[in-house]
Number of protein chains: 2
Amino acid sequence: MLPSSTVENYLKALYQAQVALENDKALVPMGQLASAVGVAPGTATTMIKALAKSGLVEYEPYLGVRLSTAGTALAAMVLRRHRLIEQFLVEIMGMSWTEVHEDAEKLEHVVSDRLIERMDAMLGHPSVDPHGDPIPTPDGDMAPHRYHSLLTCPLHTQVKVTRVADQDATFLRFLEAQRLKPGQALEVEARDSAADSVQLLTEGQRRITIGTKAASKVLIEVA
Amino acid sequence: MLPSSTVENYLKALYQAQVALENDKALVPMGQLASAVGVAPGTATTMIKALAKSGLVEYEPYLGVRLSTAGTALAAMVLRRHRLIEQFLVEIMGMSWTEVHEDAEKLEHVVSDRLIERMDAMLGHPSVDPHGDPIPTPDGDMAPHRYHSLLTCPLHTQVKVTRVADQDATFLRFLEAQRLKPGQALEVEARDSAADSVQLLTEGQRRITIGTKAASKVLIEVA
DNA sequence: AGTTCCATTTTGAGAAATCAAAATATAGGG
DNA sequence: CCCTATATTTTGATTTCTCAAAATGGAACT
C-alpha cells in the first residue's frame, strides 16, 4: 500500500513542524497541521485518524499528533526527494532558486527511486539544497544542525547566510535583490524591538532594514 | 479548470488511437479506449460523457468518440511533455531508452511549462524522442510519422517489406526462410524492449520473434 | 463555579474516479 | 425477420479526499 501524494504531504508537513519544534516527542496541534497542509481543520482530523490506523502517526485527540518511526522514515524520503529536486533544478537545469519550490512540490510525489538516485549522483551527493536546507540521506538521516537567525545572532559580527526558512518566491527574490541569499556575508548592526526592525550591513557595504519576522527567516552561521 | 492527470490520460490515449487510425474524422470505439487507458468499459463511457460536456471530445453513443479541436490541442501538449521528458531522461540524465517510459508517464502530468521549455532548450529543440516518435511543437503541430522499419511502424497493421538495409548473406537467407523478403506482407504483433525483441505475424500466419537490431534493418511501407 | 473563547471533533454532504454486473443496443448469420 | 454474439451503456456501490457548519472539549478569567 504505497502512500498517495496527499498522505505524503501530511507526513512532510508533520516532519517539518516537528523539526521546527526541535523535539521528537512533541505533539503538533491539529490546527497548525491543517493550515500547513492547506485544508480545513476537520479534514486534517479525518486524515490523521486514518494515518493513525495505518501506523504512520501517533494521534492523541485534542492534544495533537506526531510521526511514528515508519511515518518519520516516509516523511524523510519525501523531503529528500523534494530537496534533491530543488538542487537539481538549480544546478543542472539553471533555474533560479526562487522559482523551484512549486515544481519540486509536484515532482516529489512522482519521481522514481531510480531517477532520484540518478539526480543525486549527478549532483555529487549534495548535503544541502539551494535554500541551505539539509538533504536527508537514503536511510532517512538528516544532519540537524543548529542555526541562529538574524534575529538571534550576535551584533557587529561577520555572519554568513546559510539557510532561508521560507519558500515564498517573492520573499526569496527580495533576499536575492538585497544580497541576502545563502552564502553571502553580512553583519547585524542593531535591533529595535519597538520598531520591530533589524538593521543590517550587507556584503556590498549597504545598510538595509528589515522586519523581525523576515529576519527570523534568514538563518546564518557565525563566520 | 485545468485537466486532471486522469483526463490527460484519456485525451492522450484518444490522440494516439486517432493517429494510428490515420484519420482525423474517425471515431475510436469505447472498448479500445477503455483498454488503452486501462479501465473497465463502463468507466470510459462515464468519463467520455463528462469530457463531451466540457467540450474536449465529440461523443457518439454506441459508435465511439473523437477529440474536439480543444481536446486535440490539450492531448498534443501532453504528448509533447511525455516525449520531451523521455528525450531528456535519455540525453541529459543518461538513462536507457528502454526504461524511461514509466517515469515519463508520471512526470508528464506535473512538469510546469517553464520546466518543459527549459528541457526543450537544453535538448536543442529536438524533433523526435528516443523511440523515433515525433515531438509536437508548443503550438500542437506534429510532423507525420515516417514509419520505415519493423522497429518503428505501428502495431497490428498490415505492412509490406520494401527493402533490407543489410547485405550480409546469412541475414538475407534468414529473411527469406522466415518470409521476410521484399514484397511480402506481415504485421508487427508486439515489441518487448526488455527482451529486445519484436514479434511478427508473417504472410503464412506464422508467428516469429526477431531482435530489435534485425527488425530495424527490415524497411517497410504501410499497406 | 460559571462563562466565555478557541481549538478540535463530528456530522452530513459532495466531487472525482473507479468497478462489477445487469440491461440494452447493434450487427451479422441463418 | 428473428436470434445470437459482442460491444456499449446503465446502475448501484465504493474509495479517497474534501468542506461547511454544528457540536463539543479544554482552558482561562473573573
Side-chain angles (χ1 to χ4, degrees), chain A residues 1-14 17-18 20-21 26-67 70-71 74-75 78 105-106 108-110, chain B residues 1-14 17-18 20-21 26-67 71 74-75 78 105-106 108-110 156:
Chain A
M1 218 49 86
L2 70 165
S4 66
S5 298
T6 307
V7 167
E8 289 187 346
N9 281 332
Y10 277 92
L11 296 178
K12 188 181 56 160
L14 223 29
Q18 285 187 200
L21 290 174
L27 290 165
V28 177
M30 297 307 274
Q32 184 185 326
L33 175 63
S35 81
V37 176
V39 296
T43 305
T45 300
T46 308
M47 184 73 238
I48 286 304
K49 285 204 287 191
L51 294 185
K53 201 163 293 175
S54 58
L56 292 168
V57 303
E58 292 159 20
Y59 171 50
E60 309 204 9
Y62 294 101
L63 297 178
V65 61
R66 78 169 74 83
L67 290 167
L74 249 165
V78 179
E105 202 72 12
K106 298 274 197 172
E108 67 187 7
H109 304 297
V110 300
Chain B
M1 223 34 97
L2 71 166
S4 66
S5 297
T6 307
V7 167
E8 288 188 344
N9 281 332
Y10 278 90
L11 296 177
K12 187 181 56 161
L14 223 29
Q18 284 186 202
L21 290 174
L27 290 165
V28 177
M30 296 308 275
Q32 184 185 324
L33 175 62
S35 82
V37 176
V39 297
T43 306
T45 299
T46 308
M47 184 72 236
I48 287 303
K49 287 204 287 190
L51 294 185
K53 200 162 295 176
S54 57
L56 293 169
V57 303
E58 291 159 21
Y59 170 50
E60 310 205 11
Y62 294 102
L63 296 178
V65 61
R66 79 170 73 83
L67 290 167
L74 249 163
V78 179
E105 204 71 13
K106 298 272 198 173
E108 67 187 6
H109 305 296
V110 300
H156 313 297

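Keep in mind that this is a model prediction, so the values were computed, not measured. In the text below, chain A, chain B and the rest are named by the order of the sequence lines, each starting its count at 1.
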Taking the side chain as everything from C-beta on, heavy atoms only, tell me whether [X] gets closer than 4.5 Å to [Y].
X: B:Val110; Y: B:Lys106; result: no
X: A:Leu27; Y: A:Glu58; result: no
X: A:Val39; Y: A:Tyr10; result: yes

Of the listed nucleotides ([options]), which one gets closest to any side-chain atom of [X]?
X: A:Thr6; options: D:dT18, C:dT18, C:dT8; value: D:dT18
X: B:Met47; options: D:dT18, D:dG26, C:dA17; value: C:dA17
X: B:Tyr59; options: D:dC17, D:dT9, C:dT8; value: D:dT9
X: B:Tyr62; options: C:dT8, D:dT9, C:dT18; value: D:dT9

Specify the residues of residues 34-43 of chain A, ordered by number, for which at least one heavy atom lies under 4.0 angstrom from an atom of DNA chain C.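 Under 4.0 Å from DNA chain C: A:Pro41, A:Gly42.
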From B:Ile48 atom CD1 to B:Leu33 atom CG, the distance as rounded to the nearest 0.5 Å: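 B:Ile48 atom CD1 to B:Leu33 atom CG measures 5.0 Å (nearest 0.5 Å).
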Tell me the interatomic distance from [X], atom [atom1], to [N], atom [atom2], rounded to whole angstroms.
X: A:Glu8; N: D:dT16; atom1: CD; atom2: P; value: 16 Å
X: B:Leu27; N: D:dT8; atom1: CG; atom2: P; value: 11 Å
X: B:Met1; N: C:dA15; atom1: CE; atom2: P; value: 11 Å
X: A:Gln32; N: C:dC6; atom1: CD; atom2: P; value: 18 Å
X: A:Lys49; N: D:dT15; atom1: NZ; atom2: C1'; value: 17 Å
X: A:Leu2; N: D:dT15; atom1: CG; atom2: P; value: 18 Å
X: B:Leu63; N: C:dA27; atom1: CG; atom2: C1'; value: 12 Å
X: A:Lys53; N: D:dC17; atom1: NZ; atom2: P; value: 14 Å

List the atom of A:Ser5, the atom of A:His109, and the distance in Å for their closest heavy-atom pair.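 Looks like OG-CB, 3.3 Å.
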Determine the minimum heavy-atom distance between A:Lys12 and A:Glu105, stating which atoms define it.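 Nearest heavy atoms, A:Lys12 then A:Glu105: NZ-OE2, 2.8 Å.
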So, is A:Tyr10 near the phosphate of D:dT18, with a side-chain N or O under 4.0 Å from OP1 or OP2?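 Result: yes.
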Using a cut-off of less than 4.0 Å, is there contact between a side-chain N or O of B:Ser4 and OP1 or OP2 of C:dA17?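 Result: yes.
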Residue pairs, two or more places apart or on separate chains, that pass side-chain hydrogen bond (donor to acceptor under 3.5 Å, both in side chains) and touch residues 30-55 of chain A: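 Sorted pair list comes back empty.
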